[in-house]
Number of protein chains: 2
Amino acid sequence: MTVLKKSEVKRAALVKATINLVNNQGFHAAPMSKIAKMANVSPATIYLYFENKQDMINQVYKEVKAEYVAFAFETFKDDLSVEDGFELVWRRMAKYKLDDIEKGFFLSQCENTPMIDVESRQEGVKNLAPLLDLWDRGIAQDIIKPLSHHLLYAFSIYPLAFLLNAHKRGDFKITNTHLNDAYQAAWASIKK
Amino acid sequence: MTVLKKSEVKRAALVKATINLVNNQGFHAAPMSKIAKMANVSPATIYLYFENKQDMINQVYKEVKAEYVAFAFETFKDDLSVEDGFELVWRRMAKYKLDDIEKGFFLSQCENTPMIDVESRQEGVKNLAPLLDLWDRGIAQDIIKPLSHHLLYAFSIYPLAFLLNAHKRGDFKITNTHLNDAYQAAWASIKK
DNA sequence: AATAAAAGAATAAACATTCATTTTTTATGG
DNA sequence: CCATAAAAAATGAATGTTTATTCTTTTATT
């Protein structure tokens, strides 16, 4: 087990508290004082780790996004077929978000709000490069529709965010069957 | 031309200002004072039309959502085939959001945040009943995959929100070709 | 003993909401 | 059609809280 320096423990608690509060109350109702309290830390301590609230939310977003994509591609190998590669990555993405609903939901929420700075968002998107490469390979091989990355993303990856929200709200329980159906729908929408 | 009572004019200006500010700064950075200024109205006037900020955002959401669905189904007829009916409604939804990007983006933003009250969200969802009926018809006729409404929505309608956001941010311009491609992808994901 | 990390209390600005007046609209009687 | 009084709508300024952030002191680490 890795031993964390004290400071890393506190920082992690702050990140976790931020995600939780933003998820459940919204950014507007997640004051620094509450975040500090939830992380068992003094408000002043936050400013040892983050410049200000905006910097905090940006850092949290970038970290979670990077972790998410790293997880999704962890077991990916270049010699997989496009279809197998896509399925693998898609399922890892789903797994990441379902195994840590809070982080998954946080990412969803960040997709649509002006909460995150433009630069941070762009940096978050950069992480997706391996997926875009995979799609390009698929397009070259005539397996995937020759569409803009935006369209491919919108129809194959983005829908997960909706399902996750419904799941977290309790409107809808994502079962294994649903997950399989969802994967089929994702693939059907982008395959040639 | 319908003549509006003075009050309806002011209320409409407030709604518009709210949508604009929430879209561009986020709920947390849309103070009542700014909303009032943008609507050319005194802050106190807001409270003649809305109970408080939360009530305001809920009302705005419900109104826009109702208008959106009404528009989408305006030209719908029960005697259309499932496929034609779906295409019609899908395209009307896209048209509504593209013709009024601000409202369209506002709706997208509302899908993922705890900004809107649970009850208001549920009321907004109720409007979609005709679409769910259409899907059920399609399922009964073996034209549409027998999936949960949540899945059908996630893959066929929800992706528009992503495209609209990218469009509004300037990352991506939705052309007619894109729109056709998007419709094809939407249909491919839900058709049997 | 020196340095770094953390804390609680203090500060100043921003905020949602209300209050006391003023302006505008509506209704009424000549 | 007008004058005017009552009612409604709208306002700017005030209120009391809440907020992000900083300051000074205390505690922990080196």
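Proteins get letters first, then strands, A, B, ... in listed order; numbering begins at 1 in each. Quantities reported herein were computed from a predicted structural model and do not represent experimental measurements. What's counted below: heavy atoms across the whole structure, side chains too, no hydrogens, waters or symmetry copies.
- Under 4.0 angstrom from either OP1 or OP2 of C:dA5 there lies no side-chain N or O belonging to A:S7.
- As rounded to whole Å, 11 Å separates atom P of D:dT19 from atom CD1 of A:I35.
- Looking at A:H28, its side chain never comes within 3.5 Å of a backbone N or O of B:F27 through a donor-acceptor pair.
- Heavy-atom distances under 4.0 Å link DNA chain C to no residue of residues 13-21 of chain B.
- For A:Y49 and D:dT21, the OH to P distance is 18 Å, given to the nearest whole Å.
- Taking all atoms of both residues into account, the shortest heavy-atom contact from B:S120 to B:Y61 is O-CE2, 3.4 Å.
- Evaluation of the ring-ring contact (aromatic ring centres under 6.0 Å, His included) test over residues 105-134 of chain B, restricted to residues two or more places apart or in two chains, returns none.
- For the pair A:M32 CE and C:dA9 C1', the interatomic distance rounds to 17 Å; values are reported in whole Å.
- A close approach under 4.0 Å does not occur between any side-chain nitrogen or oxygen of B:S42 and OP1 or OP2 of D:dA10.
- Rounded to whole angstrom, the span from the NE2 atom of A:H28 across to the C1' atom of D:dA20 amounts to 16 Å.
- Looking at B:D117, its side chain never comes within 3.5 Å of a backbone N or O of B:E119 through a donor-acceptor pair.
- Residues in residues 123-137 of chain A take part in these side chain to side chain donor-acceptor pair (under 3.5 Å) pairs, two or more places apart or across chains: A:D136-A:H149.
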